Amino acid sequence: AGEVLLLMRVEDRRGLSHLTVARSADGVSNWRIDPQPTLVPQPEQYPEEIWGIEDPRITYIEEKSEWYILYTAYSQAGPLVSMASTRDFKHFQRHGAVMPPEDKDAALFPVRFKGRWAMIHRPVSTFPSLGAHIWISFSPDLKHWGDHRVLIPARRGGWWDANKVGLSPPPLLTEHGWLVLYHGVRTTPSGCIYRLGLALLDRDDPTQVLYRSDEWVFGPEQTYELFGDVDKVVFPCGWIVRGDEVRLYYGAADTCIALAT
(Lines give C-alpha, C1' and ligand atoms only; values in the text may rest on other atoms or scores of the structure.)
Protein backbone atom coordinates (compact mmCIF):
# COMPACT_ATOMS: atom_id res chain seq x y z
CA ALA A 1 0.00 0.00 0.00
CA GLY A 2 2.50 2.59 -1.18
CA GLU A 3 5.26 1.17 1.00
CA VAL A 4 8.76 0.24 -0.11
CA LEU A 5 9.62 -3.38 0.63
CA LEU A 6 13.12 -4.83 0.68
CA LEU A 7 13.74 -8.57 0.69
CA MET A 8 17.14 -8.47 2.32
CA ARG A 9 19.84 -11.10 2.34
CA VAL A 10 20.90 -11.64 5.95
CA GLU A 11 23.86 -13.80 6.89
CA ASP A 12 23.66 -15.42 10.31
CA ARG A 13 26.65 -16.14 12.52
CA ARG A 14 26.94 -19.66 11.14
CA GLY A 15 27.73 -18.03 7.79
CA LEU A 16 24.46 -19.16 6.15
CA SER A 17 22.08 -16.67 4.53
CA HIS A 18 18.30 -16.27 4.64
CA LEU A 19 15.91 -13.57 3.43
CA THR A 20 14.12 -11.06 5.66
CA VAL A 21 11.59 -8.35 4.76
CA ALA A 22 12.01 -4.69 5.69
CA ARG A 23 9.30 -2.08 5.03
CA SER A 24 9.35 1.71 4.97
CA ALA A 25 6.67 4.29 4.18
CA ASP A 26 9.12 6.60 2.39
CA GLY A 27 11.74 4.06 1.34
CA VAL A 28 14.45 5.89 3.28
CA SER A 29 13.75 5.89 7.00
CA ASN A 30 11.86 4.15 9.82
CA TRP A 31 12.36 0.65 8.45
CA ARG A 32 10.24 -2.07 10.05
CA ILE A 33 12.15 -5.33 9.90
CA ASP A 34 10.35 -8.65 10.29
CA PRO A 35 11.20 -9.93 13.80
CA GLN A 36 11.81 -13.43 12.42
CA PRO A 37 13.44 -14.48 9.14
CA THR A 38 10.89 -14.23 6.33
CA LEU A 39 12.18 -16.92 3.99
CA VAL A 40 14.59 -19.49 5.39
CA PRO A 41 16.40 -22.37 3.69
CA GLN A 42 14.47 -25.65 3.69
CA PRO A 43 17.14 -28.24 2.87
CA GLU A 44 14.89 -31.11 3.99
CA GLN A 45 12.50 -30.49 1.08
CA TYR A 46 14.89 -28.51 -1.12
CA PRO A 47 18.39 -29.95 -0.67
CA GLU A 48 19.85 -27.32 -3.01
CA GLU A 49 19.33 -24.77 -0.19
CA ILE A 50 21.57 -26.58 2.30
CA TRP A 51 24.14 -23.75 2.55
CA GLY A 52 21.70 -20.83 2.42
CA ILE A 53 19.72 -18.63 0.04
CA GLU A 54 20.74 -15.18 -1.14
CA ASP A 55 20.56 -12.34 -3.69
CA PRO A 56 16.82 -12.26 -4.50
CA ARG A 57 15.50 -10.39 -7.53
CA ILE A 58 11.78 -9.60 -7.42
CA THR A 59 9.49 -9.16 -10.44
CA TYR A 60 5.76 -8.45 -10.33
CA ILE A 61 3.99 -10.50 -13.00
CA GLU A 62 0.66 -8.84 -13.62
CA GLU A 63 -0.68 -11.78 -15.62
CA LYS A 64 -0.40 -13.96 -12.51
CA SER A 65 -1.09 -11.23 -9.93
CA GLU A 66 1.97 -12.44 -8.03
CA TRP A 67 5.50 -11.45 -7.22
CA TYR A 68 8.09 -13.88 -8.54
CA ILE A 69 11.48 -14.13 -6.87
CA LEU A 70 14.58 -15.62 -8.41
CA TYR A 71 17.28 -16.23 -5.83
CA THR A 72 20.56 -18.07 -5.46
CA ALA A 73 20.43 -21.35 -3.57
CA TYR A 74 23.81 -22.54 -2.35
CA SER A 75 23.89 -26.28 -2.95
CA GLN A 76 26.62 -28.82 -2.26
CA ALA A 77 27.26 -28.85 -6.01
CA GLY A 78 27.54 -25.06 -6.19
CA PRO A 79 25.20 -22.04 -6.38
CA LEU A 80 22.16 -22.28 -8.62
CA VAL A 81 18.98 -20.36 -9.52
CA SER A 82 15.79 -21.14 -7.57
CA MET A 83 12.32 -19.62 -7.80
CA ALA A 84 9.55 -18.71 -5.36
CA SER A 85 6.34 -16.69 -5.66
CA THR A 86 4.17 -14.74 -3.23
CA ARG A 87 1.22 -12.37 -3.06
CA ASP A 88 1.91 -10.85 0.36
CA PHE A 89 5.58 -11.57 1.26
CA LYS A 90 4.32 -13.59 4.21
CA HIS A 91 3.37 -16.83 2.46
CA PHE A 92 5.64 -18.20 -0.27
CA GLN A 93 5.35 -21.00 -2.77
CA ARG A 94 8.67 -22.53 -3.70
CA HIS A 95 9.09 -23.71 -7.29
CA GLY A 96 12.49 -25.29 -6.73
CA ALA A 97 15.68 -25.08 -8.76
CA VAL A 98 15.22 -23.80 -12.31
CA MET A 99 18.88 -23.70 -13.42
CA PRO A 100 21.74 -26.06 -12.47
CA PRO A 101 25.01 -24.84 -10.92
CA GLU A 102 26.98 -22.77 -11.32
CA ASP A 103 24.42 -20.06 -12.05
CA LYS A 104 23.56 -16.76 -10.34
CA ASP A 105 22.35 -13.19 -10.88
CA ALA A 106 18.95 -14.15 -12.30
CA ALA A 107 15.77 -12.12 -12.82
CA LEU A 108 12.56 -12.46 -14.81
CA PHE A 109 11.01 -10.05 -17.27
CA PRO A 110 7.46 -9.13 -16.18
CA VAL A 111 5.88 -9.93 -19.57
CA ARG A 112 5.97 -12.66 -22.20
CA PHE A 113 7.70 -12.36 -25.56
CA LYS A 114 5.81 -14.19 -28.31
CA GLY A 115 4.11 -16.28 -25.65
CA ARG A 116 7.23 -17.15 -23.68
CA TRP A 117 8.71 -15.92 -20.42
CA ALA A 118 12.30 -14.69 -20.39
CA MET A 119 15.04 -14.88 -17.76
CA ILE A 120 18.41 -13.17 -17.55
CA HIS A 121 21.02 -15.14 -15.62
CA ARG A 122 24.76 -15.75 -15.34
CA PRO A 123 26.01 -19.33 -15.73
CA VAL A 124 29.74 -19.94 -15.31
CA SER A 125 31.86 -22.13 -17.55
CA THR A 126 34.07 -24.82 -16.06
CA PHE A 127 36.88 -23.09 -17.99
CA PRO A 128 37.49 -19.82 -16.07
CA SER A 129 39.60 -18.44 -18.92
CA LEU A 130 36.47 -18.27 -21.09
CA GLY A 131 34.88 -15.68 -18.76
CA ALA A 132 31.47 -15.40 -17.10
CA HIS A 133 28.81 -13.78 -19.29
CA ILE A 134 25.18 -12.66 -18.99
CA TRP A 135 22.77 -15.08 -20.71
CA ILE A 136 19.07 -15.02 -21.61
CA SER A 137 16.73 -18.03 -21.69
CA PHE A 138 13.06 -18.60 -22.51
CA SER A 139 10.26 -20.75 -21.08
CA PRO A 140 6.62 -21.52 -21.92
CA ASP A 141 5.73 -22.22 -18.28
CA LEU A 142 8.40 -20.71 -15.96
CA LYS A 143 9.66 -24.25 -15.33
CA HIS A 144 11.24 -25.62 -18.50
CA TRP A 145 13.90 -23.30 -19.92
CA GLY A 146 15.62 -23.33 -23.31
CA ASP A 147 16.90 -21.24 -26.23
CA HIS A 148 19.84 -20.26 -24.02
CA ARG A 149 22.17 -17.67 -25.51
CA VAL A 150 24.77 -15.12 -24.43
CA LEU A 151 23.16 -11.69 -24.06
CA ILE A 152 25.96 -9.45 -22.74
CA PRO A 153 29.44 -10.94 -22.97
CA ALA A 154 32.19 -9.93 -20.57
CA ARG A 155 34.83 -7.89 -22.33
CA ARG A 156 38.50 -8.83 -22.48
CA GLY A 157 41.69 -7.15 -21.39
CA GLY A 158 41.78 -4.02 -19.25
CA TRP A 159 38.11 -3.07 -19.30
CA TRP A 160 36.20 -2.43 -16.05
CA ASP A 161 33.85 -5.29 -17.01
CA ALA A 162 36.43 -7.73 -18.37
CA ASN A 163 36.08 -11.49 -17.79
CA LYS A 164 33.09 -11.42 -15.39
CA VAL A 165 29.73 -9.64 -15.58
CA GLY A 166 26.31 -10.29 -14.04
CA LEU A 167 22.83 -8.79 -13.90
CA SER A 168 22.12 -6.44 -11.01
CA PRO A 169 18.39 -5.50 -10.57
CA PRO A 170 15.64 -6.87 -12.83
CA PRO A 171 15.33 -5.18 -16.25
CA LEU A 172 13.40 -1.90 -16.22
CA LEU A 173 10.97 -1.01 -19.04
CA THR A 174 11.45 2.49 -20.52
CA GLU A 175 10.04 4.15 -23.63
CA HIS A 176 13.27 3.23 -25.43
CA GLY A 177 13.46 -0.43 -24.38
CA TRP A 178 14.53 -2.53 -21.41
CA LEU A 179 17.17 -0.82 -19.29
CA VAL A 180 19.66 -3.28 -17.80
CA LEU A 181 22.00 -2.39 -14.94
CA TYR A 182 24.79 -4.93 -14.63
CA HIS A 183 27.93 -5.37 -12.57
CA GLY A 184 31.42 -5.86 -13.89
CA VAL A 185 34.21 -7.35 -11.81
CA ARG A 186 37.69 -5.93 -12.27
CA THR A 187 40.44 -8.15 -10.83
CA THR A 188 43.40 -6.18 -9.47
CA PRO A 189 46.49 -7.08 -7.39
CA SER A 190 44.59 -5.90 -4.28
CA GLY A 191 41.42 -7.89 -5.03
CA CYS A 192 38.22 -7.38 -7.02
CA ILE A 193 36.27 -4.17 -7.69
CA TYR A 194 32.53 -4.41 -8.41
CA ARG A 195 31.17 -1.53 -10.53
CA LEU A 196 27.96 -0.95 -12.49
CA GLY A 197 27.26 -0.23 -16.14
CA LEU A 198 24.21 0.04 -18.39
CA ALA A 199 22.79 -1.70 -21.45
CA LEU A 200 19.54 -1.24 -23.38
CA LEU A 201 17.58 -4.15 -24.88
CA ASP A 202 14.95 -4.01 -27.61
CA ARG A 203 11.46 -3.72 -26.17
CA ASP A 204 9.97 -6.52 -28.29
CA ASP A 205 13.05 -8.73 -28.68
CA PRO A 206 15.18 -8.69 -25.52
CA THR A 207 17.89 -10.77 -27.21
CA GLN A 208 18.87 -7.61 -29.13
CA VAL A 209 21.29 -5.33 -27.26
CA LEU A 210 20.76 -1.82 -28.67
CA TYR A 211 23.32 0.00 -26.56
CA ARG A 212 25.96 -0.76 -23.96
CA SER A 213 27.95 1.74 -21.95
CA ASP A 214 31.71 1.71 -22.39
CA GLU A 215 32.24 3.39 -19.01
CA TRP A 216 31.02 2.31 -15.61
CA VAL A 217 28.42 4.64 -14.09
CA PHE A 218 28.54 3.73 -10.38
CA GLY A 219 31.31 2.26 -8.26
CA PRO A 220 32.49 1.96 -4.66
CA GLU A 221 33.66 5.34 -3.33
CA GLN A 222 32.28 5.77 0.20
CA THR A 223 34.00 4.17 3.19
CA TYR A 224 31.11 1.74 3.76
CA GLU A 225 31.44 0.61 0.11
CA LEU A 226 35.21 0.28 0.19
CA PHE A 227 35.66 -1.64 3.44
CA GLY A 228 33.59 -4.50 4.86
CA ASP A 229 33.25 -8.28 4.66
CA VAL A 230 34.11 -8.01 0.96
CA ASP A 231 35.91 -4.77 0.09
CA LYS A 232 35.12 -2.53 -2.89
CA VAL A 233 31.66 -3.84 -3.76
CA VAL A 234 28.41 -2.16 -4.81
CA PHE A 235 25.84 -4.86 -5.55
CA PRO A 236 22.21 -3.87 -6.24
CA CYS A 237 19.40 -6.42 -6.54
CA GLY A 238 16.51 -3.95 -6.74
CA TRP A 239 15.49 -0.52 -8.02
CA ILE A 240 12.24 1.41 -8.21
CA VAL A 241 11.05 4.47 -10.13
CA ARG A 242 9.24 7.26 -8.32
CA GLY A 243 8.35 10.11 -10.68
CA ASP A 244 11.52 10.98 -12.57
CA GLU A 245 13.79 9.50 -9.90
CA VAL A 246 15.31 6.03 -9.84
CA ARG A 247 16.06 4.64 -6.39
CA LEU A 248 18.78 2.02 -6.32
CA TYR A 249 19.06 -0.25 -3.28
CA TYR A 250 22.37 -2.05 -3.07
CA GLY A 251 24.66 -4.07 -0.86
CA ALA A 252 27.81 -2.18 0.13
CA ALA A 253 30.98 -4.21 0.79
CA ASP A 254 28.71 -7.21 1.59
CA THR A 255 28.11 -5.61 5.00
CA CYS A 256 25.23 -3.12 4.81
CA ILE A 257 22.44 -1.97 2.48
CA ALA A 258 22.60 1.50 0.95
CA LEU A 259 20.46 3.73 -1.28
CA ALA A 260 21.47 5.85 -4.27
CA THR A 261 19.21 8.01 -6.46
Side-chain angles (χ1 to χ4, degrees), residues 1-9 19 21-33 55-71 84-89 105-113 117-122 134 136 151-152 165-184 194-213 215-222 225 233-252 256-261:
E3 287 188 318
V4 173
L5 181 144
L6 299 182
L7 189 58
M8 308 181 296
R9 173 198 179 180
L19 307 180
V21 163
R23 297 174 176 86
S24 167
D26 62 4
V28 178
S29 60
N30 298 316
W31 291 93
R32 306 188 316 281
I33 300 172
D55 298 348
R57 273 87 167 182
I58 303 168
T59 300
Y60 184 70
I61 297 185
E62 194 169 344
E63 178 182 325
K64 295 179 174 292
S65 300
E66 276 192 294
W67 302 90
Y68 273 74
I69 304 153
L70 291 183
Y71 59 95
S85 58
T86 183
R87 293 179 187 268
D88 56 9
F89 288 92
D105 301 332
L108 293 171
F109 287 83
V111 296
R112 297 181 191 241
F113 300 93
W117 303 104
M119 175 202 301
I120 297 177
H121 56 117
R122 205 278 310 283
I134 297 173
I136 188 169
L151 180 67
I152 301 173
V165 292
L167 180 70
S168 288
L172 187 65
L173 184 59
T174 74
E175 60 180 312
H176 302 290
W178 297 96
L179 187 64
V180 169
L181 184 69
Y182 71 95
H183 58 267
Y194 278 68
R195 301 189 182 105
L196 308 176
L198 294 165
L200 190 71
L201 311 180
D202 184 85
R203 179 172 186 147
D204 300 315
D205 181 4
T207 67
Q208 299 301 311
V209 180
L210 304 179
Y211 301 99
R212 178 181 181 181
S213 60
E215 300 179 351
W216 56 271
V217 298
F218 189 72
E221 297 176 4
Q222 303 298 318
E225 300 163 346
V233 172
V234 290
F235 196 90
C237 286
W239 55 1
I240 58 174
V241 178
R242 286 205 163 173
D244 59 358
E245 182 180 77
V246 175
R247 292 185 175 182
L248 182 69
Y249 293 89
Y250 64 98
C256 61
I257 294 174
L259 168 64
T261 59

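Everything numeric in this text was worked out from a predicted model, so none of it was measured.
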*Who passes side-chain contact (heavy atoms from CB on, under 4.5 Å) against Asn30, sequence neighbours left out?*
none

*Arg57 side chain to Leu167 backbone, donor-acceptor under 3.5 Å*: yes

_Atom pair CZ (Phe89) and CD1 (Ile69), whose distance is rounded to the nearest 0.5 Å_ = 5.0 Å

*Taking all atoms of both residues into account, what is the closest heavy-atom pair of Ala106 and His121, and its distance?*
CB-CB, 3.8 Å

*side-chain hydrogen bond (donor to acceptor under 3.5 Å, both in side chains) partners of Thr207, counting only residues at least two apart*: Asp205

Check residues 233-244 and write down every donor-acceptor pair under 3.5 Å in which the side-chain atom is one partner and the other belongs to a residue at least two apart or another chain.
unit_1	atom_1	unit_2	atom_2	d
Trp239	NE1	Pro170	O	2.9
Arg242	NH2	Gly2	O	3.1

*asked:* Just to verify, what does Glu221 make a salt bridge (charged side-chain N to carboxylate O under 4.0 Å, His left out) with, not counting sequence neighbours?
replied: none

*State which residues pass salt bridge (charged side-chain N to carboxylate O under 4.0 Å, His left out) with Arg87; sequence neighbours excluded, sorted by chain then number.*
none

*Looking at residues at least two apart in the chain, or sitting in another chain, which of them share a side-chain contact (heavy atoms from CB on, under 4.5 Å) with Leu198?*
Leu179, Leu181, Ser213, Val217

*Between Leu210 and His176, what is the shortest heavy-atom contact and its length?*
CD1-O, 4.0 Å

*Kindly compute the distance separating CE (Met8) from CD1 (Ile257), expressed to the nearest 0.5 Å.*
5.5 Å

_Non-neighbouring partners of Tyr71 that pass ring-ring contact (aromatic ring centres under 6.0 Å, His included), sequence neighbours left out_ = none

_Is the shortest side-chain heavy-atom distance between Tyr250 and Leu196 below 4.5 Å?_
no

_Any side-chain heavy-atom pair of Pro220 and Arg195 under 4.5 Å_ = yes

*What are the two closest heavy atoms between Asp202 and Trp178, and how far apart are they?*
O-CD1, 3.4 Å

*Shortest non-hydrogen separation from Gly219 to Glu225 and the atoms involved*: O-OE1, 3.8 Å

*Once you round to the nearest 0.5 Å, how far does OG1 of Thr261 lie from CZ of Arg247?*
8.0 Å

*What residues form a salt bridge (charged side-chain N to carboxylate O under 4.0 Å, His left out) with Arg203, not counting sequence neighbours?*
none

*Pairing residues for Thr59 by the side-chain hydrogen bond (donor to acceptor under 3.5 Å, both in side chains) criterion, not counting sequence neighbours*: none

*With sequence neighbours left out, write down each residue that passes side-chain contact (heavy atoms from CB on, under 4.5 Å) with Tyr60, or none if nothing qualifies.*
Glu62, Ser65, Trp67

_Distance (rounded to the nearest 0.5 Å) between Leu201 CG and Leu173 CG_ = 10.5 Å

_Counterpart residues, side-chain contact (heavy atoms from CB on, under 4.5 Å), relative to Ile134 (two or more places apart)_ = Ile120, Leu151, Ile152, Val165, Tyr182

*asked:* Taking salt bridge (charged side-chain N to carboxylate O under 4.0 Å, His left out) as the definition, give me every residue that meets it alongside Glu63, ordered by chain and number, with sequence neighbours left out.
replied: Arg112

*Work out which heavy atom in Tyr249 is nearest to a heavy atom in Val4; give both atom names and the distance.*
OH-CG1, 3.7 Å

_Please report the interatomic distance CG(Leu108) to CH2(Trp117), rounded to the nearest 0.5 Å._
8.5 Å

_So which atom in Leu259 and which in Gly27 form the shortest heavy-atom distance, rounded to 0.1 Å?_
CD2-O, 3.9 Å

*Atom CG in Leu5, atom CZ in Arg23: separation rounded to 0.5 Å?*
5.0 Å

*Passes side chain to side chain contact (heavy atoms under 4.5 Å, CB included), Val209 versus Val180? Steps please.*
CA-CA 10 Å; Val209 180; Val180 169; over 6 Å; no

